[in-house]
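A short worksheet on the structure shown next.
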Amino acid sequence: MDSYDVPESTPRQCASSRLKDYFIGATPLQKRLESVRKQTSFIPTPPRRKIPQCSQLQEDVDPQKFAFLLHKQWTLYSLTPLYKFSYTNFKEYSKLLNAFIAAEKQKGLAVEVGDDFNIKVIFSTLLGMKGTQRDPEAFLVQILSKSQLPSEHREGKVLWTGWFCCIFGDSLLETVSEDFTCLPLFLANGAETNTAIIGTWFQKTFDCYFRPLAINAFNLSWMAAMWTACKMDHYMATTEFLWSVPCSPQTLDISYAIHPEDAKALWDSVHKTPGEVTQEEVDLFMDCLYSHFHRHFKIHLSATRLVRVSTSVASAHTDGKIKILCHKYLIGVLAYLTELAVFQIE
Amino acid sequence: MSVLRPLDKLPGLNTATILLVGTEDVLLQQLAEAMLKEDCTSELKVHLAKSLPLPSNVNRPRIDLIVFVVNLHSKHSLRNVEESLHHVDAAFFLGKVSFLATGAGRESHCSIHRNTVMKLAHTYRSPLLFCDLEIEDFRATMAQRLVRMLQICAGHVPSVSALNLLSLLQNSENPSLEDL
């Protein structure tokens with residue numbers, strides 16, 4: 001299933017269901033149902049993970065092309081495979097989507113004032129945004145406002161951007177047939193109404209399903225460790241964590257900021273195998289932060305919920321919001337997010 | 001006496017005592033109340049503890065079953081349980097200890113992976129139960145199950161012992177389908 005190794009100590013003896021043992025003569029369908037169920041129960045943790053390497057973008061792609069993807073807050077969604085999607089029909093899709101948006105806005109569902117009908121939808125491919133050769137090409141959808149003066153022929157302001165990608169999505173690619181295009185990760189920036197409209201159009205046209213991708217505390221701590229492990233020439237932002245303490249009447253937020261070089265130094269002292277990150281190292285890294293905090297403030301951060309992680313590489317919020325700051329590790333960040341999206345789909 | 005031993009006291013007449021260990025006070029309290037509401041031929045005693053070792057100056061009955069409650073939302077509860085496990089005698093792990101993991105339903109709040117708890121239960125050769133203690137119906141079902149387990153561990157069910165129960169529960173954890 002995964003391209004990662006599974007050590008022997010992973011509980012092979014622990015079954016996900018006790019009832020299945022009664023099916024001694026399990027039919028192939030039951031076996032397949034069981035294996036599918038085991039995947040859906042929870043995100044299985046790979047005990048090792050590669051540290052995102054820089055420059056995994058193909059060499060012929062100019063990183064400046066993707067500069068517009070950085071420093072923007074993206075809302076994450078997971079997307080099931082698209083049926084009969086074709087990269088050659090972009091013009092047609094643009095027209096259809098344009099008409100759909102105009103129709104929706106006329107219906108009065110969207111409360112936008114101003115240039116409702118002076119919008120243009122553009123589909124374009126993002127070449128080079130992939131992990132392996134097998135990954136389908138990423139593509140971008142943008143809603144632009146058409147300039148009022150047609151004589152100027154100037155490209156209008158970008159109102160909404162959304163892009164679909166798949167980075168190292170091997171586990172999903174293996175299971176779908178030819179008619180489907182697998183782009184499990186969808187990132188959107190812009191008004192929520194536009195996201196909803198575009199989502200509806202895609203769902204109707206390609207028989208897919210969007211779901212908001214939430215990132216739980218466990219994955220956030222993995223991200224914190226992986227991104228702190230990335231080698232950076234200079235640090236743009238402090239490493240910051242935000243925890244939410246559930247208490248009445250209002251939740252309390254605890255924010256903990258560390259100098260990024262200190263965080264890197266801590267990580268280096270914890271890290272053993274080069275090029276790989278293990279569960280124990282992540283736990284140890286976070287435990288060091290927790291115990292340091294406890295020593296000073298007598299608060300057990302481990303009893304609270306990690307809500308936001310912010311490093312020089314990227315920052316992520318548990319609601320599924322991400323901002324990528326460093327183009328070197330763009331692919332690495334997206335690879336992890338793709339993995340989370342794939343697990344949410346399955 | 002800092003280590004809990006299973007047979008260091010005489011049993012009370014028709015009494016079964018369970019010890020719930022965990023950092024989640026509210027959930028443990030609610031589970032205890034749900035258990036005490038159950039109809040049971042034995043007299044039930046529920047003890048709650050935040051962590052082990054228990055204070056030694058208190059006179060308490062013999063403990064028949066220990067349930068360690070881990071909240072998957074909080075790493076602190078896992079650490080607490082791991083520390084407490086050191087104060088339990090090895091003889092307890094012959095069917096008289098069980099782990100209960102709560103909070104698996106709200107995946108977005110989980111900071112411990114399910115496999116971590118499964119590994120812990122596997123290391124101590126004890127059964128692991130999953131239950132969202134915040135939901136009343138699940139709590140009631142789990143309370144019923146724990147009462148039944150407690151009766152067996154206290155020896156009140158004829159011809160079934162704690163060790164029998166343990167081997168029954170472990171037999172159902174067969175080799176996974178990957179071997180088939």
Side-chain angles (χ1 to χ4, degrees), chain A residues 1 6 9-24 26 28 30-35 37-38 41-45 47 212-222 243-244 246 279 282-283 286-287 290-291 294 299-307 318-320 343-344, chain B residues 22-27 50-51 69-83 99 101 103-130 134 145 165 167-180:
Chain A
M1 173 180 59
V6 175
S9 59
T10 305
R12 297 162 74 224
Q13 294 86 349
C14 291
S16 56
S17 141
R18 301 222 169 103
L19 285 175
K20 98 168 119 82
D21 306 316
Y22 296 121
F23 300 141
I24 300 169
Q30 283 167 337
K31 285 181 204 168
R32 190 173 151 78
L33 281 177
E34 268 313 309
S35 66
R37 254 184 6 133
K38 267 174 25 175
S41 43
F42 199 85
I43 305 170
T45 180
L213 182 67
I215 311 174
N216 64 20
F218 177 76
N219 289 317
L220 281 177
S221 51
W222 262 94
W243 281 273
S244 163
Q279 179 68 54
V282 175
D283 284 340
M286 297 304 291
D287 282 343
Y290 292 153
S291 55
H294 180 69
I299 296 180
H300 285 285
L301 280 176
S302 47
T304 61
R305 182 165 77 105
L306 183 58
V307 157
T318 191
D319 289 339
F343 284 129
Q344 190 177 45
Chain B
T23 50
E24 310 291 316
D25 302 326
V26 177
L27 295 178
K50 235 188 154 80
S51 67
V69 179
V70 175
N71 186 357
L72 290 179
H73 300 178
S74 149
K75 269 204 208 153
H76 178 62
S77 67
L78 181 65
R79 292 280 170 268
N80 180 54
V81 162
E82 283 173 356
E83 298 290 309
F99 293 90
R106 283 202 289 177
E107 216 176 281
S108 56
H109 287 237
C110 285
S111 54
I112 308 175
H113 196 272
R114 208 177 73 142
N115 277 359
T116 316
V117 199
M118 286 166 91
K119 233 195 288 193
L120 178 68
H122 184 74
T123 318
Y124 285 94
R125 302 286 190 273
S126 295
L128 173 63
L129 306 164
F130 283 97
E134 290 163 22
R145 206 170 164 186
L165 180 64
S167 50
L168 275 175
L169 286 175
Q170 284 195 335
N171 262 343
S172 65
E173 289 168 15
N174 70 336
S176 60
L177 283 175
E178 293 153 68
D179 302 324
L180 292 171

Q) Atom CG in A:L301, atom OG in B:S111: separation rounded to 0.5 Å? A) 11.5 Å

Q: Give the minimum heavy-atom separation between A:A303 and B:S74, together with the two atoms involved.
A: CA-OG, 3.5 Å

Q. Between B:S108 and chain A, which part of the residue has a heavy atom less than 4.5 Å away: side chain, backbone, both or neither?
A. both

Q) At a heavy-atom separation under 4.5 Å, does A:S244 approach chain B through its side chain, its backbone, both, or neither? A) neither

Q: Look up atom CD in B:E107 and atom CD1 in A:I215, then write down how far apart they are to the nearest 0.5 Å.
A: 13.0 Å

Q.
Counting only non-hydrogen atoms closer than 4.5 Å, does B:R106 touch chain A with its backbone (N, CA, C, O), its side chain (CB onward), both, or neither?
A. neither

Q) In Å, rounded to the nearest 0.5 Å, how long is the span from CZ of A:F218 to CZ of B:R114? A) 12.5 Å

Q) Do B:K75 and A:Y290 have side-chain heavy atoms sitting under 4.5 Å apart? A) yes

Q.
Nearest 0.5 angstrom please: A:T304 OG1 to B:H73 NE2, how far?
A. 13.0 Å

Q.
Nearest 0.5 angstrom please: A:Q279 CD to B:T116 OG1, how far?
A. 5.5 Å

Q.
Whether the side chain of A:N216 engages the backbone of B:H109 through a donor-acceptor N/O pair (distance < 3.5 Å, no angle test) should be reported.
A. no

(Q) So which residue, A:D319, A:D287, A:L306, ends up with the most heavy-atom pairs under 4.5 Å with chain B? (A) A:D287

